[in-house]
Protein chains: 2
Amino acid sequence: MNSSADALQAPSDSTENGAQQIRDAIRDAIVERRLSPGTKLSESDVGNLFNVSRTLARAALQALSYEGLVSVEKNRGAFVAYPSPEEAGQIFAARRLVEPGILRSAAERITPVQLRQLRQLLVEEGRLMSERGQPARRAEIKASGDFHLMLASISGNLIMQRFMEELVARSSLVIALYGQSSVSSCGHSEHGDIIDALERKDVETACHLMLHHIAHIEADLDLRERKSFGLREAFER
Amino acid sequence: MNSSADALQAPSDSTENGAQQIRDAIRDAIVERRLSPGTKLSESDVGNLFNVSRTLARAALQALSYEGLVSVEKNRGAFVAYPSPEEAGQIFAARRLVEPGILRSAAERITPVQLRQLRQLLVEEGRLMSERGQPARRAEIKASGDFHLMLASISGNLIMQRFMEELVARSSLVIALYGQSSVSSCGHSEHGDIIDALERKDVETACHLMLHHIAHIEADLDLRERKSFGLREAFER
DNA sequence: ATGCAGGTAATTGTATACAATTTAACGCCA
DNA sequence: TGGCGTTAAATTGTATACAATTACCTGCAT
């Protein structure tokens, strides 16, 4: 779709392990909220869905559990993670702790072409916001996360990039559970402000804006009230 | 052995999955440097060693690869990770980025009893330094990492704690590969200084000392290689 | 000797089979 | 009707079997 967005996607090597493809597919489904927190992911079902054996399905679920997107309970199976309010707070606390540092690193290394890519990501995000329909909503969710991921990528630290991928994905889960307003309508302009600050090398302001941005997202959460799902999901956890 | 040290150890639930036990055992072996970077970890060998099937051995190796301690190459097998100089730099960059923030969080929440536990960890560390022999060296390595892990634990953020566990473990690998002097003889006093600053609520100094401490460890690195034990020798005895 | 070709052994990738545990379903009885 | 124990079905935990890929060794030609 978009070259700058594609640059972020997983290598998508054709030599990819079978389990990894399944993991990526399920992760996308979780991040884009086609799978709700608490949903049971049985090994047989996953295997049948992707026409592979339970072995690979299990490996994929195991991998997702290491990312915190799936929780596996011994002898009970795997479920889409249902982060508690405490977990939600810790996820955002981690982001507040980490993203300013990533931003600083990124500011040091960013090139003009990367700045252009960031802006391109932004217009794509805006385009999706104006579009209507479920697919656009899903793409918007992903694009909004891609902004933060791209910054991590620019920082040049693969380890922090991986960590941010985990945090962004888990954030999506938290927002799905506790978010009140529609997703990131406010976030979009804030992303732009951060890019502006980056462009004029005003790192301190950029960090400040980033912290404000994260606080803004967090402020939209209502950690007291849980969104209601089906009766069954409400009690099987 | 030591109550404050034990408080850090994995829950050690008796309901632990078989694969997890194996993962923990291998991780310990890697962190304590009984297994050298680059050592091949074949699924059959690991399985035989722990008297389980390849299924569990494979799961354990897979888990370790998510932590960055083992690298699995498609159709070639698993090896104890051999971090490149670039990776080594990124690991320590991540620690510089993250540990001051963790320290700040910890400073806000630390209780007198936790301070006492930190000190206790320190004397244990000192005791091990004065002891001689391989087992003491290994315990010393672990104790030195436990200081940082305990701080992460005090910070109260499970996600950051997990991340620090990964970073500390991978640091051990880097030091095994590129470290010149014997481990953390200098680190010990620096740990003490940080605790002192924490005790008088001097957070800024504590963070400064932490950054200095990490830089100190990094300064001891050189780009050379070392030799290895085999898998079997690492576990027998 | 060196380099290459072929084939064999060893190792990983995936599927299937069986055991252990949990979940639910049924029937019994108060 | 409602609670409870037993049993059957479904699901996960682990081991084994087979397929695919790689690594190694041998032998031949140059």
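Computed from a predicted model, the values in this text were never measured in an experiment. Computed over heavy atoms, backbone and side chain alike; hydrogens, waters and symmetry mates excluded.
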Problem set entry | Contact residues, residues 58-73 of chain B to DNA chain D [heavy atom, < 4.0 Å] | none
Seminar exercise, completed: Sorted by number, residues from residues 42-49 of chain A placing a heavy atom under 4.0 Å from DNA chain D are A:Ser42, A:Glu43
Atom-pair distance ([atom1] on [X]; [atom2] on [N]), nearest Å:
{"X": "A:Phe50", "N": "C:dA15", "atom1": "CZ", "atom2": "P", "result": "13 Å"}
{"X": "A:Phe79", "N": "D:dT11", "atom1": "CZ", "atom2": "P", "result": "12 Å"}
{"X": "B:Leu56", "N": "D:dT16", "atom1": "CG", "atom2": "P", "result": "11 Å"}

Exercise. What residues form a side chain to side chain donor-acceptor pair (under 3.5 Å) with B:Glu86, not counting sequence neighbours?
Worked result: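 Here the qualifying residues are B:Ser84.
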For this session: State which residues pass side chain to side chain donor-acceptor pair (under 3.5 Å) with B:Arg76; sequence neighbours excluded, sorted by chain then number.
Result: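 If we apply the side chain to side chain donor-acceptor pair (under 3.5 Å) test to B:Arg76, skipping adjacent residues, the hits are B:Glu73.
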For this session: Quick one: sort the B:His191 and B:His148 rings into parallel, tilted or perpendicular, breaks at 30° and 60°.
Result: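 Rings of B:His191 and B:His148: perpendicular, as their planes differ by over 60°.
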By salt bridge (charged side-chain N to carboxylate O under 4.0 Å, His left out), which residues pair with [X], not counting sequence neighbours?
{"X": "B:Arg127", "answer": "B:Glu124, B:Glu131"}
{"X": "B:Glu43", "answer": "B:Arg54, B:Arg58"}
{"X": "B:Glu99", "answer": "B:Arg95"}
{"X": "A:Glu32", "answer": "A:Arg34, A:Lys142"}

Problem set entry | For A:Glu67, all residues meeting side-chain contact (heavy atoms from CB on, under 4.5 Å), sequence neighbours excluded |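 So A:Glu67 forms a side-chain contact (heavy atoms from CB on, under 4.5 Å) with A:Arg23, A:Arg27, A:Leu64, A:Leu69.
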Exercise. Who pairs with B:Thr55 by side-chain contact (heavy atoms from CB on, under 4.5 Å), at least two apart in sequence or on another chain?
Worked result: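 Here the qualifying residues are B:Ser53.
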Expected rows: protein N/O vs nucleotides 20-22 of chain D N/O, under 3.5 Å:
from: D:dT21; atom 1: O3'; to: B:Asn75; atom 2: ND2; distance (Å): 3.3

Exercise. At under 4.0 Å, does any side-chain N or O of B:Ser53 touch on OP1 or OP2 of D:dA15?
Worked result: yes
Exercise. Taking the nucleotide of DNA chain C with the closest heavy atom to each, which residue, B:Ala78 or A:Thr55, is nearer the 5' end?
Worked result: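 Taking each residue's closest nucleotide, the earlier one in sequence belongs to B:Ala78.
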Seminar exercise, completed: By nearest-heavy-atom nucleotide on DNA chain C, the more 5' of A:Arg54 and B:Gly77 is B:Gly77
Problem set entry | Nearest heavy-atom neighbours spanning A:Glu125 and A:Ala143 | CG-CB, 4.2 Å
Seminar exercise, completed: Side-chain contact check for B:Lys40: nearest option of C:dA17, C:dT12, C:dT14 is C:dT12
Exercise. What residues, two or more places apart in sequence or in another chain, satisfy ring pair (Phe, Tyr, Trp, His ring centres under 6.0 Å) together with A:Tyr66?
Worked result: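 By the ring pair (Phe, Tyr, Trp, His ring centres under 6.0 Å) rule, A:Tyr66 matches B:Tyr66.
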